[in-house]
Protein chains: 2
Amino acid sequence: MKIVSRAVAAFAHAGYHATPVSEVAEAAGVSPAYVFRLFPGKLGLFVATVDHCYDQVTATLVRGGEAVGPAAPDDVLAAMSAAYVNLIRDRNLIMLQVHAQSACDVPEIRDAVRRGVARVVRAVSRVSGADPGAVQRFLAYGQLCHLIVQADLGAVDESWARTVSAGISH
Amino acid sequence: MKIVSRAVAAFAHAGYHATPVSEVAEAAGVSPAYVFRLFPGKLGLFVATVDHCYDQVTATLVRGGEAVGPAAPDDVLAAMSAAYVNLIRDRNLIMLQVHAQSACDVPEIRDAVRRGVARVVRAVSRVSGADPGAVQRFLAYGQLCHLIVQADLGAVDESWARTVSAGISH
DNA sequence: CAAGTTACTGACTGATCAGTCACATCTGGG
DNA sequence: CCCAGATGTGACTGATCAGTCAGTAACTTG
């Protein structure tokens, strides 16, 4: 659905609560009324968008991991990390995850986030063959990427910011 | 300020955009009009709340780290981690950080987040004496805590969820 | 007690936004 | 050509919310 893929970028800016449906509609080149005709409501649209986002994230990770061919788990994880860090350039997929996580007080959104994280964890485990501890570490540094992108720490030239983003940003 | 400390809990539920000032006012036991009299606007109130939140977080970490007395950096970091994980029980301080991070498209909020993270990073480095890489790892696992709290993964009894929260939640 | 100052509020306004609905305008099949 | 379904929209409504303002109550100080 074209609307959903445009919605990723639209919601990525300000998140669920702060993005009017009219903005998503404009980004998709249709009227707000039509969006409500295709989706049961703003919430349904957002959930579909989040699902789509995690699809793309999972696909990106799998592609990155499989690119190194059969290799030691740590090497595959490293390749997947590099693929994820590359998403920082785009920003949209990372920002949407962040906003979805922050809107988890809405049960439907929380469930979408759980589904998405579950898919990511399973894909990373399966493709890398790494043990749970290594997968957890992978996820932790992934979440650190989110902070770096949100606060745009790559643009901060101070010692503390370099500590946070060492080896990740720029 | 009493209003600010009550605002932490109020904003922690649904975040900046989804929490009306009237809700904060009610939590503080005053009228919405009075909140606008004391603060330049909703944004000013939120920024003050975020600053207060990072004050508390930093203080919690420092207290946790100093409790072990002079010790090896890794041991101090472990104590600080334990102190941070304890915040999960409260939820409010962690959720507010998350919501502040997600509202970073508002420049004033982004600046408040940067100030807060800077204070945390400096405090952790100073009290633990750990090298930047270890501090970065500390922060990464801290961010992982955020995901666990947001999506309430402690309540999910599935393999992927245990991978994410191993050694942190439950 | 008078006068000033601080603490606080009810009642409003203007803007924004989710969601609806009646109404177009295409499209292909018989 | 006619009709049925799909694709789409403009114009509305009702609710919510940030922010204002005029005014009241409660202290403080001389």
Axial bend angle, the helix from dC1(C)-dG30(D) to dG30(C)-dC1(D): five-pair end segments, nearest 10°: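 Axis angle across the helix from dC1(C)-dG30(D) to dG30(C)-dC1(D), nearest 10°: 0°.
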Residues Asp51(A), Arg115(A): salt bridge by 4.0 Å N-O rule: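 Answer for the salt bridge query: yes.
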Can you tell me how far [atom2] of [N] sits from [atom1] of [X], to the nearest Å?
{"X": "Leu45(B)", "N": "dG19(D)", "atom1": "CG", "atom2": "P", "answer": "10 Å"}
{"X": "Phe46(B)", "N": "dA18(D)", "atom1": "CZ", "atom2": "C1'", "answer": "16 Å"}
{"X": "Phe39(B)", "N": "dA18(D)", "atom1": "CZ", "atom2": "P", "answer": "15 Å"}
{"X": "Phe36(B)", "N": "dT20(D)", "atom1": "CZ", "atom2": "P", "answer": "8 Å"}

[X] side chain to [Y] main-chain N or O, any donor-acceptor pair under 3.5 Å?
{"X": "Arg114(B)", "Y": "Asp152(A)", "answer": "yes"}
{"X": "Gln150(B)", "Y": "Cys104(A)", "answer": "no"}
{"X": "Lys42(B)", "Y": "Phe36(B)", "answer": "no"}
{"X": "Gln136(A)", "Y": "Val164(B)", "answer": "yes"}

Over 12 non-hydrogen atoms of neighbours within 6.0 angstrom of NE2 in His52(A):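 Enclosed: over 12 neighbouring heavy atoms sit under 6.0 Å from NE2 of His52(A).
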Within-4.5 Å side-chain heavy-atom neighbours: Val121(A) and Val117(A):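 Yes, their side chains come closer than 4.5 Å.
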Test item: Ser81(B) and Tyr141(B) side chains (from C-beta on) under 4.5 Å apart, heavy atoms: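 The answer is no, as the side chains (C-beta and beyond) never meet within the 4.5 Å cut-off.
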Contact letters for nucleotides 6-17 of chain C, in which S counts primed atoms plus P, OP1 and OP2 and B counts the base, heavy atoms under 4.0 Å: -SBBB------S
